[in-house]
Amino acid sequence: QVQLVETGGGLVQAGGSLRLSCAASGSIVSINGMGWYRQAPGKQRELVAGVTTGGITNYADSVKGRFTISRDNAKNTVYLQMNSLKPEDTAVYYCNADIRSSWIRPTLEYWGQGTQVTVSS
């Protein structure tokens with residue numbers, strides 16, 4: 001059984017910072033891409049940032065220059081440092097990872113339970 005557990009959400013004023021963490025645990029053989037998505041009320045879930053095993057990153061245009069994604073492969077953990085937060089960043093943030101849990105099973109996509117980020121103006 002594989003789990004992704006997110007921590008670090010909360011309420012912050014505009015211009016502030018938050019750091020999200022997501023740790024993968026359970027039966028893990030390997031982890032490929034990891035990333036963060038978000039979903040605001042009434043909107044579709046969107047990719048915020050992603051990072052490959054080798055550290056190549058990509059970002060949504062709306063967060064470039066403000067957010068930084070990183071990962072610690074030894075800890076099976078991905079982070080999202082969010083700076084200069086804006087009210088429009090308010091959403092539930094979800095961790096996502098492509099994980100192989102067994103040599104006899106294919107890589108599957110896993111999601112965390114989500115963590116609320118609220119930015120007040």
*asked:* Applying side-chain contact (heavy atoms from CB on, under 4.5 Å), can you list everything that pairs with Ala97, at least two apart in sequence or on another chain?
replied: Leu4, Ile31, Met34, Ile99
*Any chance you could measure Gln3, atom CD, to Tyr110, atom OH, to the nearest 0.5 Å?*
11.0 Å
*Is there any ring pair (Phe, Tyr, Trp, His ring centres under 6.0 Å) pair reaching into residues 3-35, and which pairs are they, with sequence neighbours excluded?*
none
Check residues 9-30 and write down every donor-acceptor pair under 3.5 Å in which the side-chain atom is one partner and the other belongs to a residue at least two apart or another chain.
unit_1	atom_1	unit_2	atom_2	d
Ser17	OG	Asn83	OD1	2.9
Ser27	OG	Ser101	O	2.9

*side-chain contact (heavy atoms from CB on, under 4.5 Å) partner of Tyr59, the single match among Val51, Ile69, Val48*: Ile69
_Heavy-atom pair with the smallest gap, counting every atom of Gln116 and Thr90_ = NE2-CG2, 4.0 Å
*With no hydrogens and no angle check, is any side-chain donor or acceptor of Arg71 less than 3.5 Å from a backbone partner on Thr52?*
yes
*Supply the members, apart from Trp111, of the Ile/Leu/Val/Met/Phe/Trp/Tyr cluster built from side-chain contacts under 4.5 Å; use none for a lone residue.*
Tyr37, Leu47, Val92, Tyr94
*Which pairs, with at least one residue in residues 74-90 and sequence neighbours excluded, count as a salt bridge (Lys or Arg N to Asp or Glu O under 4.0 Å)?*
Arg38-Asp89, Arg66-Asp89
*Nearest-0.5 Å distance, CH2 of residue Trp36 to OH of residue Tyr79*: 10.5 Å
*Rounded to the nearest 0.5 Å, how far apart are CD of Glu6 and CG of Leu80?*
11.0 Å
*Under the side-chain contact (heavy atoms from CB on, under 4.5 Å) test, residues paired with Ser102 that sit two or more places apart*: Ile104, Arg105
*Spatial distance of atom CG (Asp98) from atom CG (Leu108) [nearest 0.5 Å]*: 9.0 Å
